[in-house]
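Contents: one structure, followed by commentary.
We use all heavy atoms of the structure for the numbers below, so side chains are in, but hydrogens, waters and symmetry mates are not. Per chain, numbering begins at 1; letters A, B, ... match sequence-line order.
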Amino acid sequence: MPDSSAPSAAPAAPSDFIRDIVAADLAAGRHQRVHTRFPPEPNGYLHIGHAKSICLNFGIARQFGGLCNLRMDDTNPAKEDVEYVESIIADVKWLIAGWADHCLGLKPRGQTPESRPVNGTADFYLPAVVPGGANGAELEPFYASDYFEQIHAYAVRLIEKGLAYVCDLSPEDTDKFRGTPDRPGTNSPFRDRSVAENLDLFARMKAGEFPDGARSLRAKIDMAAPNIWLRDPLIYRIRHTAHHHTGDKWCIYPLYDFAHCLSDYLEGITHSVCTLEFEVHRPLYDWILESLGLPRPLPHQFEFAKLIPTYLIVSKRKLIALVNEGIVSGWDDPRMPTISGIRRRGVPAEALRNFAIGVGVTKFVSTTDIAVFEHAVREDLNQRALRRLAVLRPLKVVLTNLAPGETIEFEAGNNPTDPNAGTRKLAFTRELWIEQDDFMEVPPPKYFRLRPGGEVRLKYACIIRCDEVVKDSAGNATELRCTADLETRSGGANAAKKVKGTIHWVSAAHAVDAEVRLYDRLFTEAEPEKDGRDYRSVLNPRSLEVVTAKLEASLARPGPDERYQFERLGYFWPDPVDSTPGKPVFLRTISLKDAWAKESGKA
RNA sequence: UGCCCGAUGGUGUAACGGUAGCACAGCAGUCUCUGAAUCUGCUUGUCAUGGUUCAAAUCCAUGUCGGGCAGCCA
């Protein structure tokens with residue numbers, strides 16, 4: 001359990017226009033406290049774009065000493081599922097752990113809004129509770145569906161005020177009557193029903209007397225409004241569908257616009273932060289709240305541009321397709337841009353957070369180079385990863401001047417960036433594995449690894465010279481016969497001897513075999529759907545390569561949450577899903593930057 | 001072509017009427033028992049045109065370009 005009393009040192013989020021607004025509201029006394037919310041619809045898994053929203057909303061709560069409620073925006077039973085609810089809870093908790101745990105607003109399980117008068121007016125309110133609180137009650141997220149009773153009461157109030165009516169127009173006719181952006185709509189013929197008739201009809205809608213789509217409840221605003229969302233928007237529809245959270249209790253469900261602003265109000269939200277596409281809904285958000293004559297301070301909506309990273313697709317529908325078509329192994333496939341995929345890939349929450357905070361918050365629609373994310377991952381992992389030696393594509397080296405069975409132990413540092421990380425012993429024997437890439441019979445200029453007659457240093461060990469290349473019938477090198485110069489070992493007489501290249505190795509006698517999965521970008525193009533192309537046409541055929549690697553012995557039983565750097569290769573960690581005790585499967589979180597690949601690729 | 005929103009290097013982002021800065025990417029170099037990391041330097045920018053002002057990325061106007069809105073989705 002992360003220690004929420006000591007949030008990890010994170011770089012302070014730079015100010016942005018939303019934080020400026022929050023600070024100004026506080027300074028002006030418009031609010032006495034700050035309360036945000038993160039309100040995903042449980043109809044898919046959270047992805048990297050949500051990470052930005054989570055970090056923004058929890059970051060604001062954290063910075064201003066407020067709370068951020070986790071809320072399921074679950075008003076559409078047809079699309080939602082508890083599987084998604086559970087994944088969302090797990091992903092949010094993981095992302096904010098050790099950073100904003102103390103700001104996570106939840107509520108006692110089963111709790112719904114309390115009715116209580118404020119200044120003589122009936123009101124509903126559901127305060128947030130932070131995990132670890134005194135009463136020890138079991139906590140759960142907020143659910144918009146927990147407010148169906150109250151939202152329904154507000155709808156009735158709107159009818160009573162003459163501000164909502166039951167409309168019998170079919171969905172098709174409703175569309176026709178709405179007009180177009182440049183042409184005003186037409187009043188529904190049912191617009192002027194009496195309050196009594198509306199009340200009766202709405203009650204019968206609720207009682208299940210009508211089939212889906214037969215009638216709807218609409219706000220009575222202005223069919224000629226230039227803003228389409230003010231043209232008598234629907235606020236309730238009939239859906240004879242069971243809901244994942246409320247079961248069969250309801251057959252009418254509020255629409256987003258009606259439910260969302262009221263949910264914010266019920267929870268005492270002060271700043272309701274969402275993405276740009278809701279900007280045109282804001283007048284409706286305000287209209288509903290203001291029309292109801294609510295006694296407590298109203299929340300206000302603010303919009304920012306969502307994250308659009310290169311080399312990724314993030315639309316829920318397409319993510320579902322990747323899963324359903326078997327292009328990836330599931331929502332948590334390490335190549336997925338989902339938070340669960342990123343987590344399984346081995347990216348620490350801190351790294352994702354640093355990225356999500358670092359991209360900034362504006363209203364400008366922009367794309368973020370995925371290299372920024374990759375940099376955040378490498379920067380984090382460089383600090384935390386334990387260095388280990390592993391050979392992905394082995395080539396045998398025989399040190400002819402060592403006796404068979406002779407074992408020398410070398411000491412190797414665990415992390416050059418962390419003096420407290422300690423050291424370990426590495427067995428060095430006559431037969432070793434080195435990387436195939438680290439030997440070339442006819443190397444290009446500037447290649448400074450091993451070549452016939454050439455020398456190279458074996459990391460933590462000593463310098464070797466390649467005396468002879470053994471080849472198979474096809475002419476491929478199968479074994480290198482080399483001489484080790486033990487005087488060049490650390491502490492040896494010639495320890496200071498310089499050679500241009502240093503490579504990694506493992507003792508053949510001590511190496512353990514393990515499956516290693518090498519992940520790369522899922523798409524070969526920065527914009528997989530540029531100009532309407534099908535993202536399937538730009539899938540990277542090498543987004544996953546599986547090899548059986550030779551690992552240094554200490555890797556046989558990796559720490560379950562440990563990050564490793566396989567030196568000169570990349571950052572790896574044991575797959576939390578497919579690893580078994582004593583038989584780890586390593587995943588490559590990300591490769592090390594490779595200047596040589598760039599250099600040699602140029603030619 | 002109605003309404004709303006936006007525009008700062010290649011990509012993001014800061015500067016809140018007073019020296020256009022930072023990050024990523026790129027390039028060159030340094031260092032290196034990881035061709036990583038580190039360190040150094042460099043290239044490249046205020047959409048356009050007017051106006052206000054001693055002074056404009058910032059305020060105003062017009063234009064241009066881009067995004068969003070016509071689900072009983074969120």
Using atom [atom1] in both nucleotides, what's the gap between [N] and [M] to the nearest angstrom?
| N | M | atom1 | answer |
| --- | --- | --- | --- |
| B:C31 | B:A37 | C1' | 10 Å |
| B:G12 | B:A20 | C1' | 16 Å |
| B:C4 | B:A70 | C1' | 14 Å |
| B:U19 | B:C24 | C1' | 25 Å |
| B:G9 | B:A15 | C1' | 15 Å |

| Taking the six-membered ring for Trp, does A:Tyr256 stack with B:A74 (centroid gap under 5.5 Å, planes within less than 30°)? |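 Ring-base stacking flag not set for A:Tyr256 and B:A74.
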
| Under the 3.5 Å rule, do the base of B:C3 and the side chain of A:Asp182 count as making a donor-acceptor pair? | no

| Would you say the base of B:G35 and the side-chain of A:Arg449 have a donor-acceptor pair closer than 3.5 Å? | yes

Nearest to the [X] side chain among [options], which nucleotide is it?
| X | options | result |
| --- | --- | --- |
| A:Arg568 | B:G35, B:C73, B:C33 | B:G35 |
| A:Trp229 | B:U34, B:A74, B:G2 | B:A74 |
| A:Tyr447 | B:U13, B:G35, B:G2 | B:G35 |
| A:Phe364 | B:G6, B:C69, B:A74 | B:G6 |
| A:Ala371 | B:U34, B:C5, B:A25 | B:A25 |
| A:Glu277 | B:C33, B:G68, B:C24 | B:G68 |
| A:Phe278 | B:G35, B:C24, B:A74 | B:A74 |
| A:Ile228 | B:A74, B:A37, B:C69 | B:C69 |
| A:Asp73 | B:G35, B:A25, B:A74 | B:A74 |
| A:Leu592 | B:U34, B:G12, B:C73 | B:U34 |

With heavy atoms under 4.0 Å as the rule, sort [X] into base, sugar-phosphate or nothing.
| X | result |
| --- | --- |
| A:Arg178 | sugar-phosphate |
| A:Thr180 | base |
| A:Gln565 | base |
| A:Lys459 | base |
| A:His260 | nothing |
| A:Glu567 | base |
| A:Asn76 | sugar-phosphate |
| A:Arg387 | base |
| A:Tyr253 | nothing |
| A:Ala461 | base |
| A:Leu234 | base |
| A:Asp20 | base |
| A:Leu381 | nothing |
| A:Lys498 | sugar-phosphate |

[X] side chain near [N] phosphate (N/O to OP1/OP2, under 4.0 Å):
| X | N | answer |
| --- | --- | --- |
| A:Lys593 | B:A25 | yes |
| A:Arg239 | B:C73 | yes |
| A:Arg457 | B:U34 | no |
| A:His504 | B:U34 | no |
| A:Thr362 | B:U13 | yes |
| A:Thr367 | B:G12 | yes |
| A:Lys598 | B:C27 | yes |

| Closest nucleotide of RNA chain B for A:Glu379 versus for A:Asp16: which of these residues is on the 5' side? |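 By nearest-heavy-atom nucleotide position, the 5'-most residue is A:Asp16.
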
| request: Assign each of A:Ser490 and A:Val359 to its nearest nucleotide of RNA chain B by heavy atoms, then name whichever residue's nucleotide is nearer the 5' end. | output: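 Checking each residue's closest nucleotide, the 5'-ward one belongs to A:Val359.
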
Nucleotide [N], atom [atom2] - distance to [atom1] of [X] in whole Å:
| X | N | atom1 | atom2 | value |
| --- | --- | --- | --- | --- |
| A:Ile590 | B:A36 | CD1 | P | 15 Å |
| A:Asp212 | B:C73 | CG | C1' | 15 Å |
| A:Lys363 | B:G12 | NZ | P | 18 Å |

Check: [X] ring centre within less than 6.0 Å of [Y] ring centre:
| X | Y | result |
| --- | --- | --- |
| A:Phe572 | A:Phe586 | no |
| A:His243 | A:Phe148 | yes |
| A:Tyr256 | A:Phe278 | yes |

| request: Classify the angle between the aromatic ring planes of A:Tyr143 and A:His245 as parallel (below 30°), tilted (30 to 60°) or perpendicular (above 60°). | output: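 Judged by the thresholds at 30° and 60°, the geometry between A:Tyr143 and A:His245 is parallel.
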
| query | Should B:G71 be called syn or anti, with syn set as within 90° of 0? | reply | syn

Determine, for [Y] and [X], whether the Lys NZ or Arg CZ falls below 6.0 Å from the six-membered ring centre while staying within 45 degrees of the axis.
| X | Y | result |
| --- | --- | --- |
| A:Arg218 | A:Phe190 | no |
| A:Arg215 | A:Phe210 | yes |
| A:Arg521 | A:Tyr311 | yes |

| field | Lys/Arg N to Asp/Glu carboxylate O, A:Arg71 vs A:Glu267, below 4.0 Å | value | yes

| Name the one of A:Lys497, A:Lys500, A:Lys498, A:Arg449 that satisfies salt bridge (Lys or Arg N to Asp or Glu O under 4.0 Å) with A:Glu455? |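 Between A:Glu455 and the candidates, salt bridge (Lys or Arg N to Asp or Glu O under 4.0 Å) is satisfied uniquely by A:Lys497.
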
